[in-house]
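Counting starts at 1 for both ligands and their atoms, following the listed order. Computed from heavy atoms alone, side chains included, the values below leave out hydrogens, waters and symmetry copies.
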Amino acid sequence: MNFYKLAQNRQSTRKYLPDPVEKEKIIQIIESCRLAPSACNSQPWKFIVVDDPEIKNKISDSSYGKILRFNRFARECPVMVALIIEPPKMLAKIGGAVKDKDFYLMDIGIVASYFCLQAAELGLGTCMLGWFDEPKVKTILDVPKNKRVALLFTLGYEAGKHRKKIRKSIDRICSFNKY
Ligand SMILES: Cc1cc2nc3c(=O)[nH]c(=O)nc-3n(C[C@H](O)[C@H](O)[C@H](O)COP(=O)(O)O)c2cc1C
């Protein structure tokens, strides 16, 4: 698949088939994430793959907002993955402080894109979840107290159709030679 086709194809999947995801495909996704760029090559990330159905359901439930009713679909997917923020290299921390930029968050965003795009290329659906009960997820997955869970991903075979993308026009998001 060429890159533009892949970018068109990837979408936030909120309907899943119950079919399990092959371990080789999960490993291929993580392998591509391993190659993602990061400030000072810090690679400030760790992925926890949750494919045990009992633990997975606990994680799904931790992302379900009972009042706003977000993320109910997370119960349907066969696999969830937690993206943990690991400490960046000292040089990246210092650089970030000097330039007043959270480089490690940029790194996390980039690797998250790699995750979703590689999954799409393998015919798998994903959705990034920013809305979840972080303390609960940390307890369930035994994440050390001083670490943050940046995002959860749902992962599995897509049951729904492809939606038309709603995006700003190129004119609104790009200019040449001045703002
Ligand atoms: C950081 C981040 C957090 C997100 N959190 C959620 C979420 O909690 N629940 C959800 O259904 N979608 C979530 N999304 C998906 C966005 O809603 C989605 O990417 C956007 O609407 C564009 O749609 P598309 O991904 O289908 O192209 C999140 C996306 C990002 C990048």
Going by distance alone, is a donor N or O of one side chain under 3.5 Å from an acceptor N or O of the other, for Glu121 and Gln118?
yes
Considering only heavy atoms, which of Arg10, Met128, His162 lies nearest to atom 13 (C) of ligand 1?
Met128
Using a 3.5 Å distance criterion without hydrogens, assess whether the side chain of Lys89 forms a donor-acceptor pair with backbone atoms of Cys40.
yes
Hey, is Gln8 touching ligand 1 through its side chain, its backbone, both or neither, going by heavy atoms under 4.0 Å?
neither
So if I count the atoms of ligand 1 from 1 in the order they appear, which ones are less than 4.0 Å from some heavy atom of Gln11?
26 (O)
What atoms in ligand 1 come closer than 4.0 Å to a heavy atom of Cys127?
10 (C), 11 (O), 12 (N)
Of Gly109, Ser12, Ala7, which has the heavy atom at the shortest distance from atom 25 (O) of ligand 1?
Ser12
Polar side chain donor-acceptor pair, Ser60 to Lys56, under 3.5 angstrom
yes
Within the 4.0 Å heavy-atom cut-off, what Phe73 brings close to ligand 1 is side chain
Just jot down the ligand 1 atoms closer than 4.0 angstrom to any heavy atom of Leu151, in number order.
1 (C)
Which ligand 1 atoms are under 4.0 Å away from a heavy-atom of Trp131?
8 (O)
Say you draw a straight line from CG of Leu17 to SG of Cys77; how long is it, rounded to the nearest 0.5 Å?
12.0 Å
Could you check whether Tyr157 and Tyr16 have their ring centres less than 6.0 Å apart?
no
My understanding is that only one of Lys161, Glu158, Lys164, Lys165 makes a side chain to side chain donor-acceptor pair (under 3.5 Å) with Gln11; could you say which?
Glu158
Residue part near ligand 1, for Ser63, under 4.0 Å between non-hydrogen atoms:
neither
As a check for students: among Cys116, Ser113, Gly130, Ala74, identify the option with a heavy atom nearest to atom 8 (O) of ligand 1.
Gly130
Quick check for you: to the nearest 0.5 Å, what is the distance between Phe115 atom CZ and Leu124 atom CG?
9.0 Å
